[in-house]
Amino acid sequence: MDPLRLAELLGPDASACRRGLTGEVGVALPPFVDHHVHLHLIDDRTLSDGGIAGVLDLGGDPVHLARPPRRAVPRRAYAGAFLTAAGGYPTGRSWAPAGTIREVTDPSSHPGVAGGAATAVDEQASFGASVIKVSLNAEVGAVFDDETLAAVVTAARERGLPVVAHAQGEGMPRRALRAGVDALAHTPFTERLGPRLVASAVAAGQRWISTLDIHRGRVQERANAIANLAAFSAAGGRVLYGTDLGNGDLPVGVNPRELAAMAEAGVSWPAIIASLTDPWPLAPGSGAVATFVPGTPPESPGELAPWLARATVVLTEELVHDND
Ligand SMILES: [Zn+2]
């Protein structure tokens with residue numbers, strides 16, 4: 001395929017190539033990252049076969065997550081435990097055992113205070129967390145008061161860790177933004193956000209992790225999420241591809257339904273590729289691995305999602321470019 005046409009379709013990082021050993025023709029792209037997974041709920045051994053080279057775990061047991069991974073790919077970043085109010089979401093969920101939740105009941109900035117904000121952040125940091133996950137789900141149980149939320153965000157800032165919020169229920173995305181939350185774990189889906197709120201989120205540099213496909217079958221929530229992502233993306237917001245892998249029946253690998261839903265929200269294909277290849281919050285990779293999508297990209301954008309879902313992770317040195 002003509003390099004200009006390829007760049008138009010998939011962005012500037014796409015290049016035509018073939019695999020050195022088999023001669024199979026395809027397209028090389030930077031490594032794909034799923035920015036919302038739960039490793040304790042999936043078998044991650046097949047993720048790289050499914051095209052995912054990096055993951056961000058947004059809620060798990062920090063003790064388990066801190067153990068050295070069995071393999072180098074996918075690269076992992078994680079939040080450690082969910083920080084939540086006493087009895088708050090996801091307390092009591094079968095998929096969220098006790099080790100995955102820390103109740104923060106005191107805005108204390110002092111270390112070693114039981115239930116203290118700084119204590120909870122310190123614990124995740126000590127286990128190697130790259131982000132702090134806070135739960136703001138007003139539809140189920142209690143949420144933090146403003147003082148406690150601010151204390152968690154401040155403690156995270158002091159340790160150089162961005163804060164990612166699960167914001168669910170009316171007004172929760174606004175609260176998250178006011179508190180200085182850096183990223184939303186899900187595109188807001190409870191209600192349609194007004195243009196001023198969306199513009200503020202864009203101006204603040206907030207990142208939104210897509211997770212549109214989890215609403216499959218829930219018509220209103222899906223429509224809200226797609227409308228909100230459309231507004232955020234059109235206003236220049238930073239979108240990250242993420243699936244909430246481990247939540248329900250989702251493919252272990254690139255999810256073509258997630259990609260198609262992002263396209264339905266008007267996110268351009270080059271922007272979708274950028275959302276897949278943004279290493280945040282990991283540092284950029286070493287370049288040792290790349291994404292390989294076999295075959296020629298389809299001319300019709302409607303066929304790009306299933307084509308991209310054929311992606312696998314390969315060693316960069318395996319790939320031969322025409323100008324090599
Ligand atoms: Zn999740």
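Residue numbers run from 1 in the order of the sequence given. Both counts, for ligands and for their atoms, begin at 1 and track the order of listing. Below, each value reflects all heavy atoms present in this structure, side chains not excepted, and no hydrogens, waters or symmetry copies.
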Item to complete: Please confirm whether the backbone N or O of Glu8 pairs with a side-chain atom of Trp269, one donor and one acceptor, at under 3.5 Å?
Response: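 Judged by distance alone, no pair lies under 3.5 Å.
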Item to complete: For Thr187 and Ser210, indicate whether the former's side chain and the latter's backbone hold a donor-acceptor pair under 3.5 Å.
Response: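 Yes.
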Item to complete: May I ask you to check if any N/O/S atom from His38 comes under 2.8 Å of the Zn ion (ligand 1)?
Response: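 Yes, His38 qualifies, because one of its backbone or side-chain N, O or S atoms lies under 2.8 Å.
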Worksheet item: So, His166 and the Zn ion (ligand 1): N/O/S under 2.8 Å, yes or no?
Response: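 Here the distance criterion (N, O or S atom, under 2.8 Å) is not met by His166, so no.
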Worksheet item: His186 and His166: aromatic ring centres closer than 6.0 Å?
Response: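 For His186 and His166, the ring centres are under 6.0 Å apart.
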Worksheet item: Which single N/O/S atom of Asp244 lies at minimum distance from the Zn ion (ligand 1)?
Response: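 This turns out to be OD1.
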Discussion item. Looking only at the side chains, is there a donor atom on one of Thr148 and Asp145 sitting less than 3.5 Å from an acceptor on the other?
Written reply: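 Yes, because at least one side-chain N or O of Thr148 sits under 3.5 Å from a partner of the opposite role on Asp145.
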